[in-house]
Amino acid sequence: QVQLVESGGGSVQAGGSLRLSCAASGYTYGTNCMGWFRQAPGKEREGVAAIYTGGDTTWYADSVKGRFTISQDNAKNTMYLQMNSLKPEDTAMYYCAAERIGGYCSSPLFDYGMDYWGKGTLVTISS
């Protein structure tokens, strides 16, 4: 059974940094598509970043380009989202997601492109 567990959320002032982690079980880190999504209060879930390790390809939402970095550590079976220069607009519940095996990140920043989801970790950015 695929299980994704996020961690690393918290409260930080604008301009600060956080690193989110997504530990996976029952899922092979290799030629996989995984990503981070977020949902702010009263808003729809949106794609933040995605990574396809088969080609070391990444995608980012325009709003986070240059500030966020997605990466994977296959040895630790963990995906990360390094978030720098955080803004109040980044406040949201952040979710780790993964596409089914054989996926190629055809829809990397769309929630319907992912098949497995974590329960989320809350990120709160104060001004």
Side-chain angles (χ1 to χ4, degrees):
Q1 180 179 349
V2 175
Q3 183 175 207
L4 306 175
V5 180
E6 305 95 336
S7 63
S11 181
V12 66
Q13 292 186 341
S17 299
L18 285 173
R19 187 185 70 163
L20 306 184
S21 299
C22 175
S25 62
Y27 193 85
T28 302
Y29 281 82
T31 54
N32 304 122
C33 178
M34 299 185 70
W36 289 95
F37 292 75
R38 67 186 182 186
Q39 186 169 23
K43 296 185 178 180
E44 293 295 316
R45 185 161 53 199
E46 62 178 348
V48 176
I51 183 169
Y52 176 64
T53 58
D56 195 26
T57 304
T58 58
W59 298 262
Y60 294 94
D62 289 340
S63 60
V64 307
K65 286 182 178 178
R67 300 189 298 121
F68 291 10
T69 303
I70 188 172
S71 62
Q72 288 182 341
D73 187 330
N74 290 342
K76 296 182 178 181
N77 220 35
T78 302
M79 179 178 67
Y80 303 96
L81 183 67
Q82 179 65 47
M83 306 187 294
N84 299 325
S85 301
L86 285 163
K87 305 175 180 179
E89 306 91 275
D90 296 318
T91 295
M93 185 72 74
Y94 283 71
Y95 299 91
C96 172
E99 191 173 355
R100 67 189 187 282
I101 57 174
Y104 296 97
C105 286
S106 58
S107 302
L109 298 180
F110 293 88
D111 56 2
Y112 58 75
M114 299 296 180
D115 302 291
Y116 310 110
W117 295 85
K119 294 183 178 180
T121 184
L122 183 63
V123 171
T124 302
I125 312 302
S126 59
S127 61

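Since the structure is predicted, the reported quantities are computational estimates derived from the model, not experimental observations.
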Side chains of residues 85-95: which donor-acceptor partners sit under 3.5 Å, not counting sequence neighbours?
unit_1: D90; atom_1: OD1; unit_2: R38; atom_2: NH1; d: 2.8
unit_1: D90; atom_1: OD1; unit_2: R67; atom_2: NH2; d: 3.0
unit_1: D90; atom_1: OD2; unit_2: R67; atom_2: NH1; d: 2.7
unit_1: D90; atom_1: OD2; unit_2: R67; atom_2: NH2; d: 3.4
unit_1: D90; atom_1: OD2; unit_2: K87; atom_2: N; d: 2.7
unit_1: T91; atom_1: OG1; unit_2: P88; atom_2: O; d: 3.0
unit_1: T91; atom_1: OG1; unit_2: I125; atom_2: N; d: 2.8
unit_1: T91; atom_1: OG1; unit_2: I125; atom_2: O; d: 3.3
unit_1: Y94; atom_1: OH; unit_2: R38; atom_2: NH1; d: 2.9
unit_1: Y94; atom_1: OH; unit_2: D90; atom_2: O; d: 2.6

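- For the pair D73 (side chain) and T78 (backbone), a donor-acceptor distance under 3.5 Å is absent.
- Of all heavy-atom pairs spanning M34 and M79, the tightest one is CB-SD, 3.4 Å.
- Qualifying salt bridge (Lys or Arg N to Asp or Glu O under 4.0 Å) partners for K65, counting only residues two or more places apart in sequence or in other chains: D62.
- With sequence neighbours excluded, the residues satisfying side-chain contact (heavy atoms from CB on, under 4.5 Å) with V5 are Q3.
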Quick one: side chains of residues 103-115, donor-acceptor pairs under 3.5 Å with protein atoms, not counting sequence neighbours, listed by atom name and distance.
unit_1: D115; atom_1: OD2; unit_2: R100; atom_2: N; d: 2.6

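- T58 meets the side-chain contact (heavy atoms from CB on, under 4.5 Å) test with I51, Y60, I70; sequence neighbours excluded.
- With hydrogens and angles ignored, the 3.5 Å screen pairs a side-chain donor or acceptor of E6 with a backbone N or O of G120.
- The minimum heavy-atom distance linking C22 with L4 is given by the pair SG-CB, 4.0 Å.
- The two residues L81 and A49 come nearest to each other via the heavy atoms CD1-CB, 4.1 Å.
- At a threshold of 4.5 Å between side-chain heavy atoms, the hydrophobic network of Ile, Leu, Val, Met, Phe, Trp and Tyr places W36 and V123 in one connected group.
- Judged as a side-chain hydrogen bond (donor to acceptor under 3.5 Å, both in side chains), and not counting sequence neighbours, the contacts of Q82 are N84.
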